[in-house]
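Right, one structure below, let's go through it.
Proteins come first, then strands; the chains are lettered A, B, ... in the order of their sequence lines, and each starts at number 1. Keep in mind the model is a prediction, meaning the values are calculated, not measured.
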Amino acid sequence: MTAPTVLWLRHDLRLADNPALLAAVDAGAPVVVLYVLDDVTPGVRPLGGASRWWLHHSLTELGDRLARRGGRLVLRRGSGTHVVHEVVAQTGASTVVWNRRYSQGGRAADAGLKESLRAHGVHAESFHANLLFEPWTIQTGAGKPYQVFTPFWRACVNGPPPRDPLPAPKHVPAPADPVASDRLDDWELLPTRPDWAGGLRENWTPGERDARRRLEEFATDTLAAYGLRDEPAREVTSRLSPSLAFGEISPFQIWHRMHEALSTAAHQQRGKFLSEVGWREFHHHVAFHAEDLATVNVRRRFDDFGWETPGDEELDRWRYGRTGIPLVDAGMRELWHTGYMHNRVRMVAASFLVKNLLVDWRVGEQWFWDTLVDADEANNPGNWQWVAGSGADAAPYFRIFNPRAQADRFDRDGEYVRRWVPEVGTGDYPEPMVDLAQSRRDALEAYEQIRR
DNA sequence: TTCGACTTGGT
DNA sequence: CCAAGTCGA
């Protein structure tokens, strides 16, 4: 009997381009493929509601794919560190492998685990899988982390190119004795009473297989029209963000596909699309070096900002799309219904909360965390801080989106707004909850205080 | 130290 | 036309 290898999966729910999986299989021993639902480890953020829905289906699909290759997915709940030790003890595993995660809490837990495993004589190894450029490898000339996107991405692109994606193993040998696993249904990741996931089901198919399909469709059909990406009524974005968040697809696979055959028109848009992938890299870079991106202002000067404290009723108008500002409401309803919001509209809806209502960006960030299927520990707070002006490479304070002007520019014929707010222009649609011109002036005044 | 450059804007 | 600040080389 060979001692098995434990593969601990986290944000890498895929078989292709999975270095830790490949290493586990190549070791020649049976592989215990483990996923841990961890709501308890300090600094590891529990998934929000929409993400839990996605996770359920992604794990189901992964389990099926694994089974077709002879493997078996083992599910456990609790502290990741504790569970891994438990599984090692139960199986007599000699090796544990995983792909690196980059959040503060995740790194701390993994470093501690590596140390304690080695102290128990268990070999532990981590792999580079989920970012094109690991955060500590990109530095300014002065050896410091970047705080501005453009030079950061230039440094990435001008350095050694990302490796080619790795193949999926054809066979994943499971241990002869089955390892105890939770039943996925018992985790109750799907909503009941009420089941609010109907819009999610209509719009998404979680899992590696559909992620690959979306990438291929984007590369062959959609990328050529990516120049229209700012218009929310068009469907010209990749919609890969939730799959990237769960690691159903890797940035290496995306990068590589963008360097394969593309039409001339698509080729012209490639750099723009890859720079959006670059923003994901940038936010992870910033988060790696920041204190805690989801709670602490990158620009500490904002710590004294006098945010308003909104009532539940006011906040609910924003959350559920009843602000009386059509583009904001359209976006918030798209989010509530589908677990997703077009990027341009995210900026407008976030700007409205932070600048027109002067609500702390953390309040909006938490709502997005709970409702987005692509909620990401670095991207979500990083983008909210960017909008608020407290973040890295943030817009100047006096840049305040006007949601009406944004609608005129990017939804000129009102198609997107009508799709989500059909009653717009009728007596059923609410009056604006705030005067845009006055609240803009108030915001400029409030932000003026920060400058001192 | 200097200096060019800087995702996404508004009136 | 307006509106700074600061990053990075």
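Between the side chains of A:Trp98 and A:Asp12, no donor-acceptor pair is found at a separation under 3.5 Å.
The residue A:Leu444 sits apart from the nucleic acid: no heavy atom pair falls under 4.0 Å. Residue contacts shown for A:Arg404 are absent, as no nucleic acid heavy atom lies under 4.0 Å away. Residue-level contact check: A:Arg441 touches neither bases nor backbone, having no heavy atom under 4.0 Å from any strand. Within the nucleic acid shown, A:Pro396 comes within 4.0 Å of at least one base atom, counting heavy atoms only. At the heavy-atom level, A:Glu276 lies under 4.0 Å from base atoms of the strands shown. Note on A:Lys272: a base of the nucleic acid sits closer than 4.0 angstrom, heavy atoms only. Using a 4.0 Å heavy-atom distance criterion, A:Arg344 is classed as a base contact.
The side chain of A:Arg399 contributes no N or O atom lying less than 4.0 Å from OP1 or OP2 of B:dC6. Checking the phosphate oxygens (OP1, OP2) of B:dC6, no side-chain nitrogen or oxygen of A:Tyr146 falls inside 4.0 Å. In this model, the phosphate group of B:dG9 is not approached by any side-chain N or O of A:Asn402 to a distance below 4.0 Å at OP1 or OP2. A:Arg299 has no side-chain polar atom (N or O) that falls below the 4.0 Å cut-off from OP1 or OP2 of C:dG5. Residue A:Gln406 has a polar side-chain atom (N or O) positioned under 4.0 Å from OP1 or OP2 of B:dG10.
Taking atom CG on A:Asp393 and atom P on C:dG8, their separation rounds to 8 Å, with Å as the unit. Distance, A:Asp435 CG to B:dT11 P: 11 Å, rounded to whole Å. Atom CD1 of A:Ile138 and atom P of C:dA9 are 12 Å apart (whole Å). Atom CZ of A:Arg440 and atom C1' of B:dT11 are 7 Å apart (whole Å). Between the CZ atom of A:Phe282 and the C1' atom of C:dC7 there is a distance of 10 Å, given to the nearest Å. In this structure, CD1 of A:Ile400 is placed 11 Å from C1' of C:dA3, rounded to the nearest angstrom. As a whole-Å value, the separation of A:Met347 CE from B:dG9 P is 7 Å. Distance OH (A:Tyr397) to C1' (B:dT8): 19 Å, rounded to an integer number of Å.
Side-chain rings of A:Phe282 and A:Trp153 stay apart, their centers remaining 6.0 Å or farther from each other. Aromatic pair A:Phe246/A:His11: centroids not less than 6.0 angstrom apart. For an aromatic pair to be called close, the ring centres must be under 6.0 Å apart, and A:His337 with A:Trp420 satisfies this.
Here, B:dT1 and C:dC7 have their P atoms 16 Å apart, quoted to the whole Å. Annotation: B:dC3 and C:dA4 have their C1' atoms spaced 16 Å apart (nearest Å).
The aromatic rings of A:Trp384 and A:Phe368 sit perpendicular, their planes meeting at an angle over 60°, well past the 30° parallel limit. The aromatic rings of A:Trp54 and A:Trp204 sit perpendicular, their planes meeting at an angle over 60°, well past the 30° parallel limit. Ring pair A:Phe305/A:Phe302 is parallel by interplanar angle, where below 30° counts as parallel and above 60° as perpendicular.
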A correct dot-bracket answer for DNA chain C, with pairs being Watson-Crick or G-U at under 3.5 Å, [ ] for crossing pairs and | for inter-strand pairs, is ||..|||||
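When distances are taken from the side chain of A:Thr150 to each of B:dT8, C:dG8, B:dC6, the shortest belongs to B:dC6. For A:Pro151, the listed nucleotide lying nearest its side chain is C:dG8; candidates were C:dA3, C:dG8, B:dG9.
Counting only residues at least two apart or in different chains, salt bridge (Lys or Arg N to Asp or Glu O under 4.0 Å) contacts with residues 249-268 of chain A comprise A:Glu216-A:Arg257, A:Arg257-A:Glu260.
Other residues, nucleotides and ligands contribute over 12 non-hydrogen atoms within 6.0 Å of the CD atom of A:Glu423.
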